[in-house]
Every structure is written in structure tokens, then in C-alpha cells.
Amino acid sequence: MIQLVDLNAQYNTIREEITGAIQSVIERSTFVGGDELLEFEREFAGYCGVANCVGVGNGTDALYLVLRALGIGAGDEVITVAHTFIATSEAISMTGARPVFVEIKPNTMLMDPDYLEAAITSRTKAIVPVHLYGQPCEMDAIMEVARRHGLKVIEDGAQAHGAKWRGQRVGSIGDAASFSFYPGKNLGAYGDAGAVVSEDQDLIERVRMLANHGSVNKYTHKMEGVNSRLDGLQAAILRVKLRYLDEWNQSRRRHADFYLESLAGSEIRPPSVHKDALPVWHLFVVRVSDRESFQKKLSDQGIATGIHYPVPLHLQPAYEYLEIPVGRLPVTEKAAAEVVSLPMYPELTNEQLETIVNAITTAKLLSPASR
Amino acid sequence: MFTIPQCSPRANYLIHKEEIDRAIARVLESGSYILGDEVEAFEKEFAAEVGVSHAIGVANGTDALQLALRASGVGSGDLVITVSHTAVATVAAIELTGAAPIFADIDPVTYTLEPNTLDGIVKNAPAGRIKAIVPVHLYGHAANMAAILDFAKTHGLMVVEDCAQAHGATFQGRKTGSFGTLASFSFYPTKNLGAIGDGGMVVTNDPDLAQRVRLLREYGWQERYVSYFSGTNSRLDEIQASILRIKLKYLDQENCRRQSIAAKYDKALSGTGLSLPQTASGATHAYHQYVIRTDNRDGLRDYLARHGVGTLIHYPVPVHLQPAYVQDPPALLPETEAISTKILSLPMYPELTDAEIDIVCEHIGAWNG
């Protein structure tokens, strides 16, 4: 069986270092906060190319807390996409603000900047571009619209640790960015974890305060916050993994190149990459019209696939109150009906990749012209 | 650093080191780190320990109380009665639902919600807006649940217990957490049952409420990727669950040790003029904290610190006097305010040795406060 993601394969390559890191945290017993967390925050900020970072409980909280720290709440609107994981819009809803969904580009499936202008109202406070699947959004166009309208840009980097737009790391382009370190991410902890990065030190300090019950010092609470902290244990694990992130992303790009080459011109439509983008391939998502039978055929040959994501956010039962009818976001809805994620993780072997591509071919899933 | 710290999660880790290290390795090898077998097993074991049917692991104690309240329908515009003499998390959780707290004063003997204040609160509040009472079993001592449940029943209010400091404490023979419609627990590292990171739990006997908390903790998902209502992300990590499963086996034993430490303090400190903790009839104290009172609290705290003995104050500023929580008009809580300048938490953790207890008591005896 070839899994969609194999976390064991990665753990086996760094087992000793992880064990050592965990032991060092336990021996010092700084389980909440502590040096490992501060060091990780410093190192991850450096990796993203920004000055400041604060660790929080998970990626949803990261986006929620940075929006709150920017003063966004009830009565405000935040523009994002419906073709993303629900955490993006949920973080917006948690602040009391209303998510506004814009269309994606048909080729990259990322936020289409051309739709932003029309979505902006007097209540709009921010834009949240999502670097989905490890591909950076078209940040120049997005930043240009945001600046012209005085809007904040918060990058959702949950799936794109290390990706670059015109040579610049995601997370360093907008006013701030949120990251998730869910175990399956390119940079993943062994539990839930997240972070906010920004050049703006005041903003990061406000997030830090909000994430720790609004406390400025122990037992004195200046504002009402939440409890959302990155465990010292997970910080120590993430420090080990951060050292390998570029190498792992390089492997993902190698695998993606193989897929792209093998599937070129076939009816299994491989993803497009913008010429200014350096993706990190959190997921490798192809599009097929007969998705169910495609998945079944691969599964019969021992190859796992996934769907990210089957129900666009505007059509989720939880967002019925937004009253967005089916058909309002046709590009998004078409993508949701066609996307299939193929196995993608750094430790995939050439042999496994051959097996996957051969399975697609022998099942006559490729048109004869393409092979 | 103190020769004798006020608490020591590290000492507890060292006692269970072999088992904990094995558990961590097992989880790391499993490749399953979020909501897997360990969380499920721990939920079953913890529910059995409390004596309820359902337990749902979440990210921390604040979220546990918030999600318990949200699951039971508490939200914007509602009022929730609780105490000001508690960790700010209790009140933060209430406000995170959109509801507002009404502060009740405490019984200065048990430091928990004074049931006699409830009637006046309800009479003075806008009709129908109070939805729930959140009694806090502070320091490991149960609130007077008989009187609170009785009052709640008469007035149609829900009771959600805050058990963050009371793992294993009992009242009239039942474990705290088994009285309310729901209850919340924290597994912050210093708790009687503590993880090595943040963790929390909601417990209830009601299957529908349990299901609702399960949805709330993970994006409102009924099935993967389909959200039925707006939830959040608040999950107990597998690693922490695996550690808590081990520590749960020793909870009763470690609570017994806490009680025996308290008994030694009681004996050695009687006659020093300090007010010592008391246990109400019908209650067993889990001694999360051993809290004494003295008029010259800061003097004693400084003196002990100079002699290498760590102490803490739980809590120096009552919540209703915190900048973020000041109400207009301000709540009048004379007992809460009176004790806040006098209370002091002495060293208390199961691994504290008899010799260390003696040293603490000798220093207190030698202090000329």
C-alpha cells in the first residue's frame, strides 16, 4: 500500500534526534513556554525572512489570533477563498467577522486577484490569500489591491512552509502570516501546533498576549484572551525538523517534476505552476472528470488518494447563513468536483513513484496519445 | 532556584520516567499523532475514573470549559454565575462563548462558591438571562454541590463544574465532575493529573452533549471535511494522552500522598497562628494546593524565599479587579477581596519528602511575622 502521506517514513530518518530533543525538554521540565519555544520562534522567523514569530496552539488559532490582534471583529468582512480547508474561514468567523469568498484561478486553483476589487465593501478589513497545496498566490497583484484600499493582508501559509513568490518566502510578503504545524504538514509537529510571523513586533506581542489569556505578566490580565500555546515539547521537535525542511521540500519538488513529466498532456490534468512561483508541493493535486472511478482503480492497486477538498466552503452546512447559492463560484465548484491528491511526501521512493504512474497508465487512465 | 520548589512537574516525570518514555516512543512510532487510539483509550479511562459516561479530550482546560458551555447552548447575551476567586481561565472561558460572568462571593472556609449568595444574585439579575452556574472546586476542594445543585434545579439553571484543580476530589462520596450537566478538566503540567504540555477534557453523562463537544473540537465535522456548524480546533495530542494514561493509574495514590503531606503540615503548623486549610464535612480534599492565610503574607513569602522555599499566590488579584474584567458597577465581593491579600500556597506535590516538609515547617516556625 502506498499511502497519501507516510509520517513513519520521516520519523524513522530522524528518530534519534527527535528522541534527544524530547528528552532535553523533559529533563528541563519547561513544558509550557521555555527556551525551546523561544529558540524555535527565532529560527522560524529567520527561516521565513521576517523579524518576529510567536508560537500558538494550532494553525486555526494562529489565523484567528492575528486577525483579532489587528482589531478585526464583529461587523467586519475578510476576503478569502472557498477552495481551502475550513480552518481558514472558521478563524475569520471566530473573530465575529464575516468571511467573503472570491473565485480561484482555474489553472492554479489559488485566489484570483481579478475578483478582489468587486468583493471589497466599506466593511472589508483584510484579505487572506491561501497558499494552497504549497503553491504561493499571486502576491504582487493581491498586495497592490490591498494597498490601494488600505486593507491588511494575512497570508495563510498552513500548506506552504518555505514556498517562494518571486524569490521571497511566503509569510514575509503580507502584513503577517499564519502557519500550521499539524503533523502532516511540510513542517509538522507530533501533535497540534501553529505560529504567526510578522515584521510588526507590536502585532506579534499582541498575539502573544491574546494567546496567553491576555496576560502581560503572570496573573495580571490586560485584555480577554484565549489559551493557545505551542508546547515546549513540540517546539523542540519542530526545531529538529526545521533543519531538514529545505531538503524535504527539494525532494517534494523532485517527485512533483516526475509526476508532471509522466502525466503531461494526459486526461489526468496535472497542476499548473505560475512562472514566478517556487512551490513546496504540500499536496500534488490532479484533476479528473470521473473522480470516483479513478480513485477506485488506484485504490484497487494499493495506492491511496485524497480529496482536498470535496465541499467548497460556501456550500458547507455551517455557512448556510451566508446564503451563497450553488453556481455563484463556478470555478471553485468545478475544482471541488474534480480534484484528487496523489501520494506526496519527501520519503517517496523512485520505485513507488514508478508504481503510481504505471498504475495510472496500465489502468488505461491515460489517453493513448500521452504515453 | 529554590531548594524546595512550590511544585515540581519534573519530580513527577522522574518517578514515572520509564513508563512515560516508552509511551512517547510508542506514539512516535505509531505515526498517528492527532485523535487516535491513545486519546480514545484515555477518554474511556478518564470517564470511568470520574464516574461518567462520556469524556472528550481537548487542547486545554480553558477550551474544555468554553466548549462545555457552548455545547449546552450558552452564548451571546447569556449570563453565567461563577466566582472571582479563581484562575482567570474560568472567566475567560465564559466570555469566549459570548456570555458575561456574574461574580458570586466565596465561603472563606473552603474558598469555593458560597451558595447563600446565589439567591440575591438571581433576584438582582435581568429575568431569564442567567443560564448556568460554574462552581470551581478550587485548590482540590469541592464546592458545596448539594446546595448548588438544589438551587440550580429550583431556578432551572445548568451546572457546569470547573474541575481544573480537583482531579479525584470527592463530595458526598462522588467524584467532582460527576455532579454537573457537564464538567471541565485541565491537564496543565502542574495539575494533580498533569500532561507535559497543555491538555484538557470535558465530561458528561449526556450523549447528545458529548457528541456536540466532539463536533465543536474539530471544525464542526460530522464527517471529514463537511462542517455542520462553526466549530474550532481544540484537540488533545496523542502524546499527551499516552502520558496521561500512565499518570491516571497513579492519581489516587498520589492524591493520598498529597493528603498525608497536608496532614503533616496541619500538625506542624497548628499553633503558629496561621489559618490552615479546612475540609468541609462530606468532602475529601485532593490538595492541589495547600493554602494558608496570614496578615503578613508578603513578609512570610519573602522570608521563605530567602530560605530557599518556593511559594505562590493563587491568586493575588481577584478576576473582578483585573483590568480586562472590571464591571460597572463593580462587583461587591468582601470575602474574595479580604482573603486575596492573605493567602499563600506552600510547596505541595506528591514527591515532596517528609524531610522537606519538616524544613518548610521549621522555617515558618522560626519566622517572626
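A note on names: the letters A, B, ... follow the listed sequences, proteins ahead of strands, and every chain is numbered from 1.
A/I307 touches chain B through its backbone: at least one of N, CA, C or O sits under 4.5 Å from a heavy atom, while the side chain does not. Contact annotation for B/Q240: only side-chain heavy atoms (C-beta onward) come within less than 4.5 Å of a heavy atom of chain A. Using a 4.5 Å cut-off between heavy atoms, B/Y219 touches chain A through backbone and side chain atoms alike. Contacts between B/E238 and chain A at a heavy-atom distance below 4.5 Å are absent for every atom of the residue. In this structure, no portion of B/L321 lies under 4.5 Å from any heavy atom of chain A. Both the backbone and the side chain of B/N233 come within less than 4.5 Å of a heavy atom of chain A. Contact of A/L230 with chain B is not made at all, since no heavy-atom distance falls under 4.5 Å. Looking at B/A93, there are no atoms closer than 4.5 Å to chain A (heavy atoms on both sides), in backbone or side chain.
Contact record, B/L96 with A/V226: CD2-CG1, 3.4 Å, taken as the closest heavy-atom pair.
Comparing A/A318, A/G57, A/G184 by how many heavy-atom pairs each has under 4.5 Å with chain B, the most go to A/A318. Taking A/V5, A/L7, A/N227, A/N8 one by one and counting their heavy-atom pairs under 4.5 Å with chain B, the maximum is reached by A/N227. Options A/Q316, A/E90, A/H308 differ in how many heavy-atom pairs under 4.5 Å they form with chain B, and the most are formed by A/E90. The most heavy-atom pairs under 4.5 Å with chain B, out of A/V25, A/I86, A/L313, come from A/I86. Listed options A/P310, A/A91, A/S93 were ranked by heavy-atom pairs under 4.5 angstrom with chain B; first place goes to A/P310.
Side-chain atoms of A/I26 and B/K17, non-hydrogen and from C-beta on, never get closer than 4.5 Å to each other. Proximity of B/R10 to A/E27: side-chain heavy atoms (C-beta onward) are separated by under 4.5 Å at one or more points.
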Please determine whether side-chain contact (heavy atoms from CB on, under 4.5 Å) holds for the pair B/D237 and A/Q234, giving the CA-CA distance in whole Å, both sets of side-chain angles, and the decisive distance to 0.1 Å. CA-CA 10 Å; B/D237 285 341; A/Q234 302 298 349; 3.6 Å; yes

Are A/R15 and B/L28 close enough, and set up right, to give a side-chain contact (heavy atoms from CB on, under 4.5 Å), and what steps lead you there? CA-CA 9 Å; A/R15 180 198 313 253; B/L28 291 176; over 6 Å; no

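Counting heavy-atom neighbours within 6.0 Å of A/N12 CG, excluding the residue itself, gives a total above 12.
For an aromatic pair to be called close, the ring centres must be under 6.0 Å apart, and A/Y309 with B/W221 fails this. Outside the 6.0 Å centre-distance limit, the rings of A/Y182 and B/Y33 are not counted as a close aromatic pair.
Counted by atom type alone, B/T232 and A/Y64 present zero donor-acceptor pairs between their side chains at under 3.5 Å. Looking only at atom types and distance, the side chain of B/D21 has a donor-acceptor partner in the side chain of A/Q23 under 3.5 Å away.
Atoms CD1 and CG, from B/I196 and A/L233 in turn, are 5.0 Å apart once rounded to the nearest 0.5 Å. Here OG of B/S30 is found 9.5 Å from OH of A/Y11. Values are rounded to the nearest 0.5 Å. Distance check: A/S228 OG to B/N60 CG gives 7.5 Å after rounding to the nearest 0.5 Å.
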